[in-house]
Amino acid sequence: MFYTCLKGLIVKLAIVQPNFFPYKSYYDLAKKVDKFIFLDDTNYNSKNWVNKTLIKLNSSNYYFRIPVDYKEGKFVPTKEIKFKNDKWKNKFLKLIRVQYKNEINFNLVYPLLEEIINLPIDNVCHISAYSVFRICDQLNFGTEFTFSSISHGNIKGKYHDKIVEIAKKEKADTYYTFARHKGEFNESKFLKTNIKISYFTSYSSNFSIIDDIMSNPIYTDFLKK
């Protein structure tokens with residue numbers, strides 16, 4: 001779907017399920033690494049953030065969910081999950097206009113969000129991945145992006161084992177993951193292949209990146225380009 005070309009060895013690697021306009025820490029992680037792989041061929045469940053995000057609404061938490069065609073309990077790869085319909089798009093954009101219309105970067109950010117939301121696809125995984133890629137590209141991160149189903153579709157197995165195998169295939173020096181995942185991985189499996197694990201911490205709110213780029217003037221010049 002999209003790539004940013006990178007020459008040389010992949011030293012720093014992250015492998016994360018695609019999230020829909022996730023919080024700033026997710027983007028900070030993408031900026032930290034050389035290559036970011038969207039893990040799109042593991043099973044979807046309703047707890048995933050692939051079709052939801054946390055929006056600030058009058059200083060309160062509002063969880064926006066994209067309605068998807070999925071029955072709880074079914075084993076379906078994330079990459080196969082589709083929207084029920086397109087009605088959610090107008091609802092989402094209206095919510096953004098109401099909440100952020102007076103923010104400093106609104107006139108720069110809103111057209112970017114419209115572009116992302118109106119991507120001509122019905123696949124929630126791809127539009128969520130694009131919500132990450134497109135903003136990272138706009139902010140000039142220089143990170144390479146791909147999907148696990150494209151670059152490593154032949155690697156099967158459980159969630160954590162799959163990540164280890166992908167990291168090995170990429171010949172990464174360091175695998176980056178969020179600090180909250182400490183204790184979930186069998187670090188010895190990484191160390192056997194000379195891959196270090198770095199637990200990444202970024203201090204930011206849990207609200208979507210939208211909240212930050214709308215109101216923070218440090219983004220203005222990047223958004224104007």
Side-chain angles (χ1 to χ4, degrees), residues 1-2 13-30 33 36-55 57 61-89 91-92 95 116-117 119 121-133 135 145-167 175-187 189-190 197 199-200 202 204-210:
M1 180 184 171
F2 46 77
L13 175 71
I15 308 168
V16 186
Q17 290 180 316
N19 285 194
F20 180 62
F21 288 111
Y23 63 160
K24 181 176 177 292
S25 291
Y26 191 109
Y27 293 85
D28 289 342
L29 176 62
V33 299
F36 191 103
I37 299 177
F38 293 110
L39 191 65
D40 67 331
D41 50 359
T42 53
N43 289 325
Y44 170 86
N45 68 68
S46 58
K47 294 181 180 180
N48 289 157
W49 284 81
V50 67
N51 64 309
K52 67 180 178 181
T53 190
L54 178 61
I55 298 294
L57 187 61
N61 294 353
Y62 181 82
Y63 291 90
F64 184 90
R65 288 176 171 81
I66 300 173
V68 294
D69 188 12
Y70 171 75
K71 290 184 179 180
E72 194 67 47
K74 290 182 66 178
F75 293 96
V76 182
T78 301
K79 65 179 181 176
E80 296 180 10
I81 300 296
K82 296 183 177 181
F83 314 139
K84 282 187 175 180
N85 52 61
D86 286 341
K87 294 179 180 179
W88 66 272
K89 295 184 178 184
K91 181 180 178 181
F92 181 77
L95 172 66
I116 295 167
I117 290 298
L119 199 67
I121 55 174
D122 61 358
N123 184 295
V124 70
C125 176
H126 285 175
I127 206 164
S128 294
Y130 193 60
S131 77
V132 175
F133 165 79
I135 290 177
F145 291 87
T146 188
F147 292 94
S148 58
S149 63
I150 293 175
S151 56
H152 299 288
N154 61 323
I155 297 178
K156 310 299 180 184
K158 295 181 180 179
Y159 179 86
H160 292 99
D161 291 338
K162 187 178 178 71
I163 287 176
V164 173
E165 289 304 310
I166 292 174
Y175 171 69
Y176 280 76
T177 188
F178 294 111
R180 67 175 182 270
H181 295 313
K182 192 167 187 176
E184 294 181 11
F185 289 94
N186 184 340
E187 295 189 24
K189 289 185 177 181
F190 284 92
I197 296 183
Y199 294 100
F200 179 78
S202 172
S204 64
S205 75
N206 291 324
F207 289 115
S208 167
I209 186 68
I210 295 170

What residues, two or more places apart in sequence or in another chain, satisfy salt bridge (Lys or Arg N to Asp or Glu O under 4.0 Å) together with D161?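 D161 satisfies salt bridge (Lys or Arg N to Asp or Glu O under 4.0 Å) with K189 only.
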Quick one: list whatever passes salt bridge (Lys or Arg N to Asp or Glu O under 4.0 Å) with K162, sequence neighbours left out.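 Per chain and number, K162 pairs via salt bridge (Lys or Arg N to Asp or Glu O under 4.0 Å) with D41.
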Could you tell me if the ring centre of H152 sits under 6.0 Å from that of F147?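 Centroid separation for H152 and F147: 6.0 Å or greater.
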Are the aromatic rings of F36 and Y27 close, with centres under 6.0 Å apart?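 No, the ring of F36 stays outside the 6.0 Å limit from the ring of Y27, centre to centre.
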Flag the pair [X] / [Y] as yes when at least one side-chain heavy-atom distance between them is below 4.5 Å, and no otherwise.
X: Y159; Y: L39; value: yes
X: V124; Y: F83; value: yes
X: P22; Y: S128; value: no
X: I209; Y: I135; value: yes
X: Y26; Y: F178; value: yes
X: V132; Y: F38; value: yes
X: W88; Y: I117; value: yes
X: T53; Y: Y63; value: no

Pick from D40, T42, T78: which one makes a side-chain hydrogen bond (donor to acceptor under 3.5 Å, both in side chains) with S148?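 Between S148 and the candidates, side-chain hydrogen bond (donor to acceptor under 3.5 Å, both in side chains) is satisfied uniquely by D40.
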What heavy-atom pair brings V68 and Y44 nearest, and what distance separates the two atoms?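 In this case the closest contact between V68 and Y44 is CG2-OH, 3.8 Å.
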Can you give me the closest heavy-atom contact between N48 and N43, atom names plus distance?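 Looking at all heavy atoms of both residues, the closest pair is OD1-O, 4.0 Å.
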Please say whether the positively charged group of K52, taken as NZ for Lys or CZ for Arg, lies over the ring of W49, i.e. under 6.0 angstrom from the six-membered ring centre and within 45 degrees of the axis.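 Geometry flag: set, cation within 6.0 Å and 45°.
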State which residues pass side chain to side chain donor-acceptor pair (under 3.5 Å) with Y199; sequence neighbours excluded, sorted by chain then number.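 Listed in chain order: E187.
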Value rounded to 0.5 Å, distance of [atom1] in [X] from [atom2] in [Y]:
X: I66; Y: K91; atom1: CD1; atom2: NZ; value: 11.5 Å
X: L29; Y: S202; atom1: CG; atom2: OG; value: 9.0 Å
X: I210; Y: I116; atom1: CD1; atom2: CD1; value: 8.0 Å
X: C125; Y: N51; atom1: SG; atom2: CG; value: 11.0 Å
X: I121; Y: L119; atom1: CD1; atom2: CG; value: 4.0 Å
X: I155; Y: I166; atom1: CD1; atom2: CD1; value: 5.0 Å

Does either side chain, that of Y70 or that of N45, offer a donor lying less than 3.5 Å from an acceptor on the other one?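 No.
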Give me the ring orientation class for Y175 and F185: parallel if the planes are under 30° apart, tilted from 30 to 60°, perpendicular past 60°.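 Perpendicular.
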Would you sort out whether S205 and K24 count as a side-chain contact (heavy atoms from CB on, under 4.5 Å), showing the intermediate values? CA-CA 7 Å; S205 75; K24 181 176 177 292; over 6 Å; no
Under 3.5 Å, side chain of K156 to main-chain N/O of G153, donor-acceptor pair present?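 Yes.
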Polar side-chain atom of S131 near backbone of F21 as donor-acceptor pair, under 3.5 Å: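 Checking the backbone N and O of F21 against the side chain of S131, a donor-acceptor pair under 3.5 Å is found.
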Given the rule in the side-chain contact (heavy atoms from CB on, under 4.5 Å) test, do N123 and I81 qualify, once you have shown the distances and angles that lead to the verdict? CA-CA 6 Å; N123 184 295; I81 300 296; over 6 Å; no
side-chain contact (heavy atoms from CB on, under 4.5 Å) assessment of L54 paired with S208: CA-CA 5 Å; L54 178 61; S208 167; 5.8 Å; no
Evaluate the side-chain contact (heavy atoms from CB on, under 4.5 Å) criterion for residues T146 and I37: first the C-alpha distance (whole Å), next the side-chain angles of each, then the deciding distance (0.1 Å), finally the verdict. CA-CA 5 Å; T146 188; I37 299 177; 3.9 Å; yes
